[in-house]
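The block underneath contains the structure these notes are about, expressed in structure tokens.
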Amino acid sequence: MEVVSELVQFMQPNQRLDLKAVALTHVLGLTGSAEGKAAILGLDDLLMAIFGLTYDENHTVAKDAVLSLINLTAEEECAIKVFQLAKRIEPPWSMVLSNLTRVESLVHEILDILERDEQTLPRLARAFAQLDFNKKKARLHYLAPIFCNLTQVPRGRELCCHARYQLLEKLLPFASYEENVVRRGGTIGILKNVCFDAVYHSVILGEDDNILVAILQPLCGPEEFSDEENDMLPIELQYLPESKRRETDPDLRKMLLECLLQLCSTRRSREILRAKGAYEILREYHKWEARVGLDRDCLLACLNVVDILIKNEDEIGLDNYKSVEVPAEQAEKFVQEDTDYVKSLLD
């Protein structure tokens with residue numbers, strides 16, 4: 001510990017560049033092990049020195065300082081410690097904040113800070129929506145997982161969907177943003193979190209199809225539908241070009257399918273999904289996944305949604321699936337049957 005504490009004197013803003021760089025390189029190396037992290041987290045002065053060097057004029061020093069903080073905040077206990085210190089200053093590092101907001105126990109306090117000024121959240125959403133933000137052309141991709149993490153709690157979902165902020169409206173286009181999987185994945189994560197809260201199903205499936213389009217579009221390919229089927233689809237999903245590609249990341253495809261499964265929980269939502277052509281899209285998606293995507297979890301997730309949408313409401317006989325309790329032994333049987341079915345498709 002004493003050896004590590006001696007690094008603080010070499011990590012001051014006015015210190016010689018070579019000494020700062022060497023000391024910070026040593027610190028960055030320590031963040032790669034549990035013992036090293038523990039040594040750093042036991043020294044508030046050292047942590048504050050790392051924070052201070054994120055502003056350094058030398059790009060390499062500033063980058064290594066930020067990377068050190070990213071490594072330190074990758075685990076919950078460390079993130080909480082860093083957060084307590086970070087509250088003394090205003091951290092501009094979106095990757096660090098992304099790690100901090102993964103810790104659910106911190107989310108409410110972070111939301112308190114963000115809401116102190118009612119313009120903070122709208123500004124963040126505008127900055128995120130503006131690619132090449134500010135003079136430095138900052139990409140701000142990691143704001144997406146930050147917003148996603150905030151929506152893991154009810155208050156975060158409420159703020160995201162609140163008409164006052166219009167956060168969801170600004171974020172939706174990035175569910176299909178091909179250039180960066182972090183931005184795309186964070187946006188899809190927000191949709192998943194919101195869909196898991198039945199309170200917002202009427203918002204998601206309201207008169208405006210924007211949210212439903214954001215969920216369905218990444219699952220669409222270039223397939224041609226009949227005129228009758230096309231008329232069912234939201235206008236944005238009709239007659240897609242031959243160049244249209246599906247979401248390439250299987251984890252993100254599965255999240256989108258889980259969104260649809262949650263929306264299938266009530267009769268009203270199921271009827272809207274059928275009327276909007278969700279079954280027709282999933283019919284073609286299922287063929288593609290069995291032939292090209294080849295992901296077992298995605299196939300099973302698709303099957304779960306299709307099994308509901310293909311039935312009429314008299315067959316289902318329930319208004320809300322979530323009100324049904326399935327015995328454990330029956331649930332295990334269903335899981336095994338699903339697994340066997342998917343295996344038969346891929347073998």
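FYI, side chains are in, hydrogens and waters are out, and symmetry mates aren't considered; it's all heavy atoms of this structure.
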Query raised in the report: CG of L219 to SG of C298: how many Å apart, nearest 0.5 Å?
Result: 9.0 Å

Query raised in the report: Would you find more than 12 non-hydrogen atoms of other residues, nucleotides or ligands less than 6.0 Å from Q119 atom CD?
Result: yes

Query raised in the report: Can you check whether V181's main-chain N or O pairs, donor with acceptor, with D249's side chain at less than 3.5 Å?
Result: no

Query raised in the report: Would you say the side-chain atoms of R253 pair up with the backbone N or O of T248, donor to acceptor, closer than 3.5 Å?
Result: yes

**Report entry** Single-linkage hydrophobic cluster, 4.5 Å side-chain cutoff, V153 and L159 together
**Finding:** yes

Query - D64/K20 ion pair, N-O < 4.0 Å - result: no

Report summary line: Smallest heavy-atom separation, Y200 atom then P154 atom, equals OH-O, 4.2 Å

Requested in this report: Identify whether L67 and V22 are in the same connected component of the hydrophobic contact network (ILVMFWY, side-chain heavy atoms under 4.5 Å).
Outcome: no

Query raised in the report: Considering all heavy atoms of both residues, which atom of V27 and which atom of L7 are nearest to each other, and what is their separation?
Result: CG2-CD1, 3.8 Å

Query raised in the report: Does a side-chain N-to-carboxylate-O contact under 4.0 Å join R246 and E289?
Result: no

Query raised in the report: Where is the tightest heavy-atom contact between I310 and D307, given as atom of each residue plus distance?
Result: CG2-O, 3.7 Å

Requested in this report: Identify the heavy atoms of L167 and A125 that sit nearest to each other, and give their distance.
Outcome: CD2-CB, 3.3 Å

Requested in this report: First locate atom CD of Q217, then atom CG of L256, and finally report the distance between them rounded to the nearest 0.5 Å.
Outcome: 11.0 Å

Requested in this report: Taking the side chain as every heavy atom from C-beta outward, state whether L260 and L282 have any atom pair closer than 4.5 Å.
Outcome: yes

Query raised in the report: With distance as the sole test, does E76 use its side chain to make a donor-acceptor pair with the main-chain N or O of V103 at under 3.5 Å?
Result: no

Report task. Salt-bridge test for D112 and R155: reply yes if a basic N is under 4.0 Å from a carboxylate O, no otherwise. Result -> yes

Query raised in the report: Ignoring hydrogens and geometry, is there a side-chain-to-backbone donor-acceptor pair from Q12 to N14 under 3.5 Å?
Result: no

Query raised in the report: Is the shortest distance from a Lys or Arg side-chain nitrogen in R267 or E271 to a carboxylate oxygen in the other one below 4.0 Å?
Result: yes

Query - Student check: side-chain heavy atoms of L257 and L300 closer than 4.5 Å - result: no

**Report entry** Ring centers of F174, F128 separated by less than 6.0 Å
**Finding:** yes

Query raised in the report: Can you check whether T151's main-chain N or O pairs, donor with acceptor, with R157's side chain at less than 3.5 Å?
Result: yes

Query raised in the report: Out of curiosity, S98 OG to I146 CD1, how far, rounded to the nearest 0.5 Å?
Result: 5.5 Å

Requested in this report: Evaluate salt bridge (Lys or Arg N to Asp or Glu O under 4.0 Å) for E229 paired with R283, printing each intermediate quantity in order.
Outcome: CA-CA 12 Å; E229 290 173 333; R283 180 192 67 202; 2.9 Å; yes

Query raised in the report: Would you call M232 and K276 a side-chain contact if the rule is heavy atoms closer than 4.5 Å?
Result: no

Query raised in the report: Between Y142 and N99, does any side-chain donor sit less than 3.5 Å from a side-chain acceptor?
Result: no

Requested in this report: Answer yes or no: are there more than 12 heavy-atom neighbours, outside E57 itself, under 6.0 Å from its atom CD?
Outcome: no

Report task. Please tell me if the side chains of I50 and M11 come closer than 4.5 Å, counting only heavy atoms from C-beta onward. Result -> yes

Requested in this report: Spell out, as yes or no, whether a donor-acceptor pair under 3.5 Å connects the side chain of Q15 to the backbone of Q9.
Outcome: yes

Query - Linked, directly or transitively: Y285 and V292 (ILVMFWY side chains, under 4.5 Å) - result: yes

Query raised in the report: Any donor-acceptor pair under 3.5 Å linking the side chain of K254 with the backbone of A301?
Result: no

Report summary line: dist L273:CG -> L212:CG (nearest 0.5 Å) comes out at 6.0 Å

Query - Spatial distance of atom CG (N149) from atom CZ (R102) [nearest 0.5 Å] - result: 7.5 Å

Report task. Using the rule that two of Ile, Leu, Val, Met, Phe, Trp, Tyr join whenever any of their side-chain heavy atoms come within less than 4.5 Å, decide whether L240 and F225 are in one cluster. Result -> no

Report summary line: Tightest non-hydrogen contact, residues Q152 and T101, listed as NE2-O, 2.8 Å

Requested in this report: Taking only Lys NZ, Arg NE, NH1 and NH2, and the carboxylate oxygens of Asp or Glu, determine whether K37 and E75 approach each other closer than 4.0 Å.
Outcome: yes

Query raised in the report: Are the charged groups of K287 and E284 less than 4.0 angstrom apart, N to O?
Result: yes

Requested in this report: State whether a side-chain donor-acceptor pair under 3.5 Å links D208 with N210.
Outcome: yes

**Report entry** E258/K192 ion pair, N-O < 4.0 Å
**Finding:** yes

Query - Side chain proximity check, R245 to E178, heavy atoms < 4.5 angstrom - result: yes

**Report entry** L97 vs F83 side-chain heavy atoms within contact, under 4.5 Å
**Finding:** no

Query raised in the report: Using 4.0 Å as the upper bound for N to carboxylate O, is an ion pair formed by E179 and R184?
Result: no

Requested in this report: Side-chain contact test, heavy atoms from C-beta onward, threshold under 4.5 Å: evaluate it for I113 versus T120 and give yes or no.
Outcome: no

**Report entry** L168 side, atom CG; I211 side, atom CD1 - distance, nearest 0.5 Å
**Finding:** 4.5 Å

Report task. Using the side chain to side chain contact (heavy atoms under 4.5 Å, CB included) rule, pick out the option among L69, L24, N58, V66 that qualifies with L53. Result -> L24

Query raised in the report: Checking H286 side chain against L303 main chain: does a donor-acceptor pair fall under 3.5 Å?
Result: no

Report summary line: Nearest heavy-atom contact between C264 and L309 is SG-CD2, 3.8 Å

Requested in this report: Indicate yes or no: at least one non-hydrogen side-chain atom of L150 is less than 4.5 angstrom from one of C160.
Outcome: no

Query raised in the report: Stepwise, does the side-chain contact (heavy atoms from CB on, under 4.5 Å) test hold for E158 with V199?
Result: CA-CA 10 Å; E158 180 183 356; V199 171; over 6 Å; no

**Report entry** cation_pi(R274, Y279) dist<6.0 Å, angle<=45
**Finding:** no

Report task. Ignoring hydrogens and angles, tell me if any N or O in the side chain of E109 forms a donor-acceptor pair with the backbone of L106 under 3.5 Å. Result -> no

**Report entry** Candidate pair K63 and D56, rule salt bridge (Lys or Arg N to Asp or Glu O under 4.0 Å), full reasoning
**Finding:** CA-CA 9 Å; K63 179 181 177 182; D56 199 87; over 6 Å; no

